[in-house]
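Beneath this line is the structure, given in structure tokens, with notes to follow.
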Amino acid sequence: MRLKEGDKKELIKTEAIKMIIKDGLEGFSMNKLAKACKISVATPYLYYKDRDDLILTIAREEGQRMSDNILKDFDPEAGFEEGLRVQWKNRYGYMTTYPDRHFFFEQLRNSSYQEEFLHIFLQRFKEVLGKFWDNAVKRGELDHMPFEVYWSVAFSPMYALARFHNEGKSLGGKAFKMTDEILWKTFDLVVKALKKG
């Protein structure tokens with residue numbers, strides 16, 4: 001059965017993400033991709049100029065999807081705890097709905113593509129989240145600190161829990177499954193650590 005054009009392009013994208021997650025960027029090639037998709041070696045070149053174009057196009061498309069998901073129903077004017085709660089809900093929802101995309105972005109962050117990917121992805125993000133952080137500081141809900149410190153305390157615990165959940169185990173190989181109770185208890189500890197006073 002022949003695939004429609006849109007289906008071929010989606011298959012190429014999906015297989016590329018799977019291969020990059022499994023074999024890393026070093027093990028990824030257009031020839032291997034075509035073979036995995038069971039299509040002609042020339043077919044990916046109908047949609048993408050070369051390997052770099054394919055990787056960066058996927059990064060742009062998926063980065064936009066991630067940004068849209070994470071910023072859904074988020075108001076930078078919201079109070080600190082309320083806004084951070086929406087961020088946690090959206091980020092965790094994205095990571096559990098699209099775990100493969102999360103691992104794909106991890107590969108990009110540890111590669112020569114990092115700078116270009118982050119430039120594309122962070123444009124809107126910086127503006128919205130920077131405004132939220134500034135508002136919380138101005139209202140006296142947070143002490144002023146470097147943004148990197150804020151981000152690390154605000155989100156790293158959730159990302160670590162999501163990674164444990166997606167891998168099905170925590171440190172030392174102990175089985176782990178995320179629950180709402182664990183997620184929101186951790187959130188409460190983060191808010192307590194960050195809130196002024």
Name the atoms and distances for all side-chain donor-acceptor pairs under 3.5 Å in residues 30-45, with sequence neighbours left out.
{"unit_1": "Lys32", "atom_1": "NZ", "unit_2": "Gly27", "atom_2": "O", "d": "3.1"}
{"unit_1": "Ser40", "atom_1": "OG", "unit_2": "Ala42", "atom_2": "N", "d": "3.0"}
{"unit_1": "Thr43", "atom_1": "OG1", "unit_2": "Ser40", "atom_2": "O", "d": "3.4"}

Using a 3.5 Å cut-off and no angle test, enumerate the donor-acceptor pairs between side-chain atoms of residues 72-82 and protein atoms at least two apart in sequence or in another chain.
{"unit_1": "Asp75", "atom_1": "OD1", "unit_2": "Glu77", "atom_2": "N", "d": "2.9"}
{"unit_1": "Glu77", "atom_1": "OE1", "unit_2": "Asn135", "atom_2": "ND2", "d": "3.4"}
{"unit_1": "Glu77", "atom_1": "OE2", "unit_2": "Lys131", "atom_2": "NZ", "d": "3.1"}
{"unit_1": "Glu81", "atom_1": "OE1", "unit_2": "Lys195", "atom_2": "NZ", "d": "3.1"}

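For the pair Arg101 and Tyr94, the cation-pi test (distance below 6.0 Å, angle within 45°) is failed.
We find the CD-CG distance between Glu62 and Leu108 to be 10.5 Å, quoted to the nearest 0.5 Å. Atoms OG1 and CE, from Thr14 and Met19 in turn, are 13.0 Å apart once rounded to the nearest 0.5 Å. The OG atom of Ser112 sits 7.5 Å away from atom CG of Asp52, with the distance rounded to the nearest 0.5 Å. How far CG of Leu25 is from CD1 of Ile55: 5.0 Å, rounded to the nearest 0.5 Å. The CG atom of Leu54 sits 9.5 Å away from atom CZ of Arg51, with the distance rounded to the nearest 0.5 Å. The distance from the NE2 atom of His165 to the CG atom of Leu183 is 10.5 Å, given to the nearest 0.5 Å.
At least one side-chain heavy atom of Met158 sits less than 4.5 Å from a side-chain heavy atom of Met95. Tyr98 places a side-chain heavy atom less than 4.5 Å from the side chain of Arg65. Within the 4.5 Å cutoff, the side chain of Phe164 has heavy atoms near those of the Leu171 side chain. The closest side-chain heavy-atom distance from Lys18 to Phe104 is not below 4.5 Å. At a threshold of 4.5 Å between non-hydrogen side-chain atoms, the residues Arg139 and Asp134 do not count as touching. Contact annotation: the side chain of Phe28 never approaches that of Gln107 to less than 4.5 Å [non-hydrogen atoms, C-beta and beyond]. Residues Val149 and Ser152 are not in side-chain contact: their nearest non-hydrogen atoms beyond the backbone lie 4.5 Å or more apart. Looking only at side-chain heavy atoms (C-beta outward), Glu141 and Leu194 stay at 4.5 Å or farther from each other.
The backbone N or O of Gln64 lies less than 3.5 Å from no partner atom in the side chain of Ser67, so there is not a single donor-acceptor pair. Between the side chain of Trp88 and the main chain of Phe155, no donor-acceptor pair closer than 3.5 Å is present.
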(Q) Pair Thr97, Asn69 - check side chain to side chain contact (heavy atoms under 4.5 Å, CB included), show working. (A) CA-CA 10 Å; Thr97 303; Asn69 274 263; over 6 Å; no
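Under 3.5 Å, the side chains of Asn110 and Gln114 contain no donor-acceptor pair of N or O atoms. A donor-acceptor contact closer than 3.5 angstrom is absent between the side chains of Tyr47 and Asp53.
Heavy atoms only, all atoms of each residue included: Lys13 and Ile58 are closest at CG-CG1, 3.8 Å. Annotation for Lys9 and Tyr48: closest pair CE-OH, 3.7 Å, computed over non-hydrogen atoms. Annotation for Ile21 and Asp100: closest pair CD1-O, 2.9 Å, computed over non-hydrogen atoms. The two residues Leu129 and Leu71 make their nearest non-hydrogen contact at CD2-CD2, 4.3 Å.
Heavy-atom neighbours of Arg109 CZ from other residues, nucleotides or ligands within 6.0 Å: at or below the threshold of 12.
Side-chain rings of Tyr159 and Trp151 approach one another, their centers coming within less than 6.0 Å.
Ile182 and Leu189 sit in two unconnected hydrophobic clusters of ILVMFWY residues. Membership requires side-chain heavy atoms under 4.5 Å apart, directly or through other members.
Sorted by first and then second residue, the salt bridge (charged side-chain N to carboxylate O under 4.0 Å, His left out) pairs with a member in residues 148-171 read Glu106-Arg163, Arg163-Glu167; sequence neighbours excluded.
Considering Leu161, Asn166, Thr96 in turn, Leu161 is the only one that fulfils the side-chain contact (heavy atoms from CB on, under 4.5 Å) rule with Met178.
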